[in-house]
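Presented below is the structure to which this report refers.
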Amino acid sequence: MVIIGSGEAGGCAAVAIRDAGWTGPVTVIGEERHLPYERPPLSKAAITGDDPPEPKLSVEARRFGECDITHTSGSRVSHIDRDSKQVHIEDGGVIAYEKLLLATGAQARPLAVEGGEYALTLRSQEDVWALRRFFQKGRHIIIIGGGLIGLELAASANRLGARVTVIESQDRLLARGVPEEIAGRMLETHQQQGNRFRLAASVEKVTRTSVWLKTGERIDGDVVVAAVGAQPDIALASAAELPVSNGVLTDAALRTADPDIFACGDCAATVHPLFSPSPRRLESWQVARDQGSLAGRNMVLSPQDQEAVPWFWSDQFDWQLQVAGFPDLGETVVKRQLDEETALHFFLSGDGTLVGAAAFGPMRLLAKDLRISQRLIAGQVKPDLSQLAAADRRLKTLLAA
Amino acid sequence: MTNEWTDACAIDDIDEEDVIAFEHDGHEYALYRTEDDRFFATDGLCTHEQVSLADGLVMGTIIECPKHNGRFDITTGQTKGGPVCEHLKTYETQVRDGRLFIRTG
Ligand SMILES: Cc1cc2nc3c(=O)[nH]c(=O)nc-3n(C[C@H](O)[C@H](O)[C@H](O)COP(=O)(O)OP(=O)(O)OC[C@H]3O[C@@H](n4cnc5c(N)ncnc54)[C@H](O)[C@@H]3O)c2cc1C
Ligand code: FES
């Protein structure tokens, strides 16, 4: 069993292969120098912490020894030969596989404007080192991109006493994946903390320290960071002539078109039987973990479809965003007011099935209800709308119904 | 102050199948009540990023951390999946006259 990519998904898959009873060799090939480590802290505690950041290893990485998993770090797979069922490493090595998993993740999208190469990006532990040199009190940080990572970096910079300007090309933040009203609340939160925003602003060119907008206006700072999304690492798959679009395409059991090759995590666009027949790619740590575990299992045992309801969070100042399911599939929105300022939004499809839930606010207010919502979504319930909205009734009672 | 029984709360302060936080001597505990009215106590903070478990969801005898879904068995403190690898310490509990006592220290 061979896994390409030693990230969250690859680590979970390796351990799951053992847990499924496979006793033959398991090899994880990773380009980075580290064992699988947690990426979410990279835009949060690793930026704001006093100590130089050490990678926080994923819990599965600590089981590699006990599970007899071979981990080769610092080695990049250059191509896959499907006919002979071998992967080729850049240094010339060749490894044969019975089943292969693509868990190559994604990379920070480069900024496609003049001077874009001067902008710093964030994906890896090493990127944090570069950012920390600039994320300091009194500096002016210019962040291009008002997505989750751009906003988390904006919150972290603010915490450190830096000045922050976020430039976003759309007229709202978080256009991908976060409902508009919640994105609006997140914008207000940032503004209250002093962060500045330029919405609907197109960037003409950048230098190391300045950004020119298409309007001719120039914004000067100490560093320019590009947080303009991630692009899936699909080069190996397309070179091997596996179907790809925005991600390596798989069925609901995470199989690619080649029955011996699976894909999961940030690099994969997968079919989820609960939601829609068209494949979707997600960038979520929990999804990478769930899909990694399932892919590992499916490489050994008779394949099962994915069932776990996608979920992600983001930390912004003292507040948390949590999103479960697919809010964008909702046609009706019902709000459950958790306190004066915080509401849990439920999203129901045309036939009344609960398909998504999202909230932004203090974690203590929203976490329990979000978890229950995730279970309700998994159960494909068609809840009574007034019960969803009735904040004085425990949401848990709907689980029993 | 070791090994003493501490009066933690009235049993009705905890909903069925739920959890509350309790602080004593600078230490945070999580106190649980199951659906069938059994009571358990563990350390109050998740072993992953020291988040208060009292904000998490109890399902049966599993507590799910509110932050990243780390799961623990409330009866034994053992991890049950998610990003956590260190178990929680558990504490003995006793119900007397409608109040919950835990053995702290
Ligand atoms: C800064 C940051 C903050 C985040 N915060 C959150 C958050 O708060 N909440 C949340 O839900 N999600 C968050 N995420 C997303 C989450 O971390 C990802 O969804 C998750 O890491 C995806 O796991 P993966 O294993 O699919 O990919 P990755 O973790 O990207 O791992 C893929 C690995 O494959 C390696 N690789 C690629 N190609 C090759 C090759 N040819 N040969 C060998 N190795 C190769 C890469 O080097 C990499 O190590 C965050 C991501 C980032 C970058
Ligand atoms: S803080 Fe509990 S799982 Fe991360």
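Just so it is clear, the values below take in all heavy atoms, side chains as well, and ignore hydrogens, waters and symmetry mates. Lettering of chains follows the sequences in order, A, B, ..., and the numbering in each one begins at 1.
- Contact of A/Leu366 with chain B is not made at all, since no heavy-atom distance falls under 4.5 Å.
- When heavy atoms are compared at a cutoff of 4.5 Å, B/Val51 approaches chain A solely by way of its side chain, counted from C-beta outward.
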Walk me through whether A/Val59 and B/Val84 qualify under side-chain contact (heavy atoms from CB on, under 4.5 Å). CA-CA 7 Å; A/Val59 54; B/Val84 288; over 6 Å; no
Enumerate the inter-chain donor-acceptor pairs under 3.5 Å for chain B and chain A, one line per pair.
unit_1, atom_1, unit_2, atom_2, d
B/Glu16, O, A/Arg394, NH1, 3.2
B/Glu16, O, A/Arg394, NH2, 3.2
B/Glu17, O, A/Lys396, NZ, 2.7
B/Glu17, OE1, A/Lys396, NZ, 3.1
B/Asp18, OD1, A/Lys368, NZ, 2.8
B/His48, NE2, A/Glu38, OE1, 3.2
B/His48, NE2, A/Glu38, OE2, 2.9
B/Ala54, O, A/Lys368, NZ, 3.4
B/Val58, O, A/Lys396, NZ, 2.6
B/Glu64, OE1, A/Arg371, NE, 3.3
B/Glu64, OE2, A/Arg375, NH1, 3.2
B/Glu64, OE2, A/Arg375, NH2, 2.5
B/Cys65, O, A/Arg371, NH2, 2.8
B/Pro66, O, A/Gln322, NE2, 3.1
B/Pro66, O, A/Arg371, NH2, 3.2
B/Asn69, OD1, A/Arg371, NE, 3.1
B/Gly82, O, A/Arg289, NH2, 3.3

